[in-house]
Amino acid sequence: MPISQNTETDFSLILNKVLNRRQLLIGCGAVGGMRLALAPGAQAINEIPSEKVLDFEAVPTNLLDTVTVPRGHSWHIVASWGDPLWSHGERFDEQTRGSAQSQKLAFGDNNDGMELFVSDSRTILAINNEYLNLPIMYGNRVSKMPETSADVQKGQAAIGITIMEVSLLNGNWSVTKDSPLNRRITAQTPMKLTGPAAQTNLTITSLDQNGDFPLGTLNNCGSGRTPWNTYLSCEENFNLFFASSDREYNLSTEFRRYGIRTTDRGYGWYRHDERFDIAKHPNEINRFGYIVEVDPLDPSSIPRKHSALGRFKHENAAITVNKDNRIVVYMGDDERGEFLYRFVSDAVFHPDADNSKILESGSLYVAKFENNERGKWLELTPESTGMSSQADICVHTRKAGSLVGATTMDRPEWIAIHPHDNTIYCCLTNNKNRGRKTNSGGDETPVNGANPRPNNIYGHIIKWRPDEDDHTNSNFTWDIFALAGNPYVHSGPNAGSPNIDPTNVFNSPDGLAFDSRGRLWIQTDGNYSNDGDFVEMGNNQMLVADTNTGEIKRFLVGPKECEVTGITWSIDRKTMFVGIQHPGERGHSHFPGGKQSVPRSSIIAVTRDDGKMIG
């Protein structure tokens with residue numbers, strides 16, 4: 001049954017308001033800005049126009065099984081799934097697709113978020129390995145599925161995090177084998193759980209009676225980095241790896257809210273590793289869904305899961321030092337109709353002090369967007385939610401957000417903070433259920449100002465700025481930076497906002513990052529059918545936007561059936577590292593090897609041919 005819409009959130013009125021305001025701003029030469037009557041203490045967003053910064057020839061859409069970059073730019077492979085990190089590792093085997101032992105010594109599968117670190121003269125990439133392409137990883141099996149305990153162990157070794165040193169030689173970046181900083185963090189790596197959820201009845205298991213030493217990390221999606229030079233890896237769709245040996249197992253409402261089922265999705269882990277059998281270890285799943293902090297420069301360090309930042313399907317972690325030196329982290333929950341969150345630390349950041357415990361204690365908030373372009377952060381406490389404890393809130397964070405009336409969003413994915421002001425941008429990748437179905441907790445998802453289209457198949461990018469430029473302020477002003485759409489097919493709302501035209505069409509914005517020049521890089525993970533509503537959109541892509549003028553240009557197109565995700569820069573900004581995830585996920589790519597080779601997720605390096613900075 002369609003969700004009712006009242007007069008205040010009427011679709012046509014809301015969308016016309018958004019588009020008309022956008023058109024006015026374009027006419028004034030300030031697409032990225034706002035010219036609104038603001039509440040006391042609020043400031044207009046991005047009012048100062050910028051110089052021309054999109055200084056490259058736009059790449060057209062295509063369906064090629066390769067990477068396409070602008071004229072005057074080049075790219076090469078840095079590492080692909082299965083490439084060994086140590087000399088005693090095995091070269092990737094096209095026939096067997098590797099073993100558990102070879103995978104433990106090699107670059108993981110499905111690379112996603114990544115960050116670059118420098119120690120002395122060493123360049124280190126920390127990279128998430130999100131999940132498994134089962135038919136590709138197990139293509140050596142007739143069933144194309146894991147069949148044995150060894151198969152499951154290979155899969156568990158292929159996910160998590162890869163930390164590897166890379167070196168530049170003769171213009172090409174490659175893995176530095178045997179570097180003392182090379183490391184794999186997998187589903188079997190010991191971790192430390194911190195914050196309110198640690199050592200509680202929610203996280204104690206028969207295998208960990210203290211409830212604070214979970215084993216492994218799963219579905220590591222987006223990323224972040226702290227001002228004290230550590231890596232933040234975000235656990236997203238952790239529910240996919242769990243199942244039940246008891247098909248009659250009674251799933252709680254809390255389990256159902258996170259998409260936990262009794263049936264297996266094909267991974268088979270619960271058959272060979274009983275930790276993943278919810279009938280035997282129901283609390284084990286409460287130990288996943290967190291932000292994991294890793295020191296990439298200390299291979300002996302224990303990764304820490306920070307429950308104070310909430311448990312949900314984390315996309316990435318956008319972190320900033322507030323003007324009072326407290327740390328603020330913005331986070332999205334990547335599922336249809338879920339919420340946006342903010343964490344504010346109790347402790348303050350000191351550049352020369354030990355900041356290692358700063359994410360262990362603080363206040364957690366959820367966003368409420370009003371239709372008048374204003375919003376508010378609602379604190380999640382036992383008093384505001386009626387829940388029994390802060391531990392309960394930090395484990396069942398979605399429930400807490402529902403109880404205080406947070407705004408259901410269109411799949412909040414990557415968040416990025418402008419380096420030159422305090423504006424925050426977020427990709428709302430898509431939501432076919434907007435205006436049609438509730439979220440998994442029963443919250444309605446009506447059309448509203450911040451999510452202005454029903455059946456939002458194209459997605460959009462929203463932005464907000466805290467009042468008084470204070471990231472701990474409860475109030476903010478918001479606007480929509482871009483409504484993705486397809487003017488080849490539609491007129492009106494689904495053609496997109498006025499800064500979308502036939503030269504830059506895209507759908508499902510996902511990855512998001514700013515470079516040092518303040519340019520906003522947009523990566524997509526959407527429909528690549530090039531048919532129907534998506535005609536002329538081609539393969540997934542990466543675009544770049546000038547947030548002052550609103551101009552968006554396509555910079556890169558990925559190979560067939562991939563997602564373009566993860567982006568970071570070398571210390572001299574002359575190389576941009578980009579992730580190509582799951583090429584050929586439906587069986588129609590041979591990237592990067594070509595011909596009949598196995599498709600492999602990869603990291604590529606992009607440079608300018610003139611040797612100048614690229615970011």
Side-chain angles (χ1 to χ4, degrees), residues 100 103-104 130-132 134 137-138 143 145-160 185-220 235-290 292 302-305 307 311-314 388-389 391-392 394-399 440-441:
Q103 186 59 72
K104 290 175 183 177
E130 186 178 3
Y131 68 105
L132 309 176
L134 295 175
M137 175 159 285
Y138 301 108
S143 66
M145 302 287 278
E147 298 176 0
T148 67
S149 178
D151 288 343
V152 167
Q153 290 171 20
K154 179 172 76 169
Q156 291 182 338
I159 64 170
I185 298 170
T186 73
Q188 297 290 349
T189 301
M191 307 262 159
K192 172 71 173 176
L193 182 65
T194 77
Q199 298 182 334
T200 69
N201 289 333
L202 294 166
T203 54
I204 289 173
T205 72
S206 60
L207 303 175
D208 175 19
Q209 296 189 13
N210 286 326
D212 61 353
F213 279 99
L215 194 62
T217 184
L218 308 174
N219 282 97
N220 306 77
E235 296 182 321
E236 191 191 29
N237 295 308
F238 57 90
N239 59 304
L240 300 179
F241 290 99
F242 289 82
S244 174
S245 57
D246 177 8
R247 289 293 182 265
E248 302 303 317
Y249 183 82
N250 185 26
L251 294 169
S252 66
T253 55
E254 288 83 4
F255 272 21
R256 293 182 186 277
R257 182 67 188 268
Y258 285 90
I260 299 163
R261 302 192 321 211
T262 58
T263 53
D264 181 49
R265 269 82 163 190
Y267 292 101
W269 288 15
Y270 80 105
R271 297 190 186 96
H272 301 280
D273 185 343
E274 70 172 43
R275 285 195 299 134
F276 297 93
D277 187 339
I278 59 174
K280 296 179 180 178
H281 300 282
N283 269 6
E284 182 68 21
I285 202 164
N286 291 342
R287 295 142 67 87
F288 295 90
Y290 299 104
V292 184
I302 298 175
R304 290 172 297 148
K305 298 189 178 190
S307 69
R311 174 176 168 268
F312 44 89
K313 295 185 177 180
H314 286 277
S388 61
S389 66
D392 195 17
C394 290
V395 171
H396 303 128
T397 310
R398 286 181 170 179
K399 177 182 178 181
S440 58

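The model shown is predicted, which means the values in this text are computed figures rather than measured ones.
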Does the distance from a Lys or Arg side-chain N to an Asp or Glu carboxylate O, for E284 and R287, drop under 4.0 Å? yes
Output yes when a side-chain donor or acceptor of [X] lies under 3.5 Å from a complementary backbone atom of [Y], and no otherwise.
{"X": "R275", "Y": "H281", "answer": "no"}
{"X": "N286", "Y": "L202", "answer": "yes"}
{"X": "T203", "Y": "A197", "answer": "yes"}
{"X": "R398", "Y": "G441", "answer": "no"}
{"X": "E235", "Y": "N219", "answer": "no"}
{"X": "T262", "Y": "A243", "answer": "no"}

Could you check M137 against K154 for side-chain contact (heavy atoms from CB on, under 4.5 Å), going step by step and ending with a plain yes or no? CA-CA 9 Å; M137 175 159 285; K154 179 172 76 169; 3.8 Å; yes
Dump the intermediate steps for side-chain contact (heavy atoms from CB on, under 4.5 Å) on T263 and R247, then the final yes or no. CA-CA 7 Å; T263 53; R247 289 293 182 265; 4.2 Å; yes
Considering only heavy atoms from C-beta outward, does the side chain of [X] approach that of [Y] to under 4.5 Å?
{"X": "K313", "Y": "E236", "value": "yes"}
{"X": "D151", "Y": "Y138", "value": "yes"}
{"X": "S307", "Y": "V395", "value": "no"}
{"X": "I278", "Y": "Y249", "value": "yes"}
{"X": "P303", "Y": "I185", "value": "yes"}
{"X": "P214", "Y": "Y290", "value": "no"}

Can you name the nearest heavy-atom pair linking [X] to [Y], along with the distance?
{"X": "H272", "Y": "G268", "value": "CD2-O, 3.5 Å"}
{"X": "I260", "Y": "L251", "value": "O-CD1, 3.4 Å"}
{"X": "F213", "Y": "D208", "value": "N-OD2, 2.7 Å"}
{"X": "P196", "Y": "C394", "value": "CG-SG, 3.8 Å"}
{"X": "G259", "Y": "N239", "value": "O-ND2, 2.9 Å"}
{"X": "D277", "Y": "S244", "value": "OD1-CA, 3.5 Å"}

[X] side, atom [atom1]; [Y] side, atom [atom2] - distance, nearest 0.5 Å:
{"X": "T186", "Y": "K104", "atom1": "OG1", "atom2": "NZ", "value": "7.5 Å"}
{"X": "L218", "Y": "F242", "atom1": "CG", "atom2": "CZ", "value": "6.0 Å"}
{"X": "N283", "Y": "I204", "atom1": "CG", "atom2": "CD1", "value": "8.0 Å"}
{"X": "I159", "Y": "Q188", "atom1": "CD1", "atom2": "CD", "value": "9.5 Å"}
{"X": "H314", "Y": "F238", "atom1": "NE2", "atom2": "CZ", "value": "8.5 Å"}
{"X": "I285", "Y": "E254", "atom1": "CD1", "atom2": "CD", "value": "12.5 Å"}

So the salt bridge (charged side-chain N to carboxylate O under 4.0 Å, His left out) pairs with at least one residue in residues 187-202 (sequence neighbours excluded) are K192-D212
Please determine if K305 forms a cation-pi arrangement with F288, meaning its NZ or CZ atom is less than 6.0 Å from the six-membered ring centre and no more than 45° off the ring axis. yes
Would R311 and Y258 count as a cation-pi pair here, with the cationic atom under 6.0 angstrom from the ring centre and within 45° of the axis? yes
Can you tell me how the ring of W269 sits relative to the ring of F276, calling it parallel under 30°, perpendicular over 60° and tilted otherwise? perpendicular
Do Q153 and S149 pass the side-chain hydrogen bond (donor to acceptor under 3.5 Å, both in side chains) test, and can you show the C-alpha distance, the side-chain angles, and the key distance before you say yes or no? CA-CA 6 Å; Q153 290 171 20; S149 178; 3.2 Å; yes
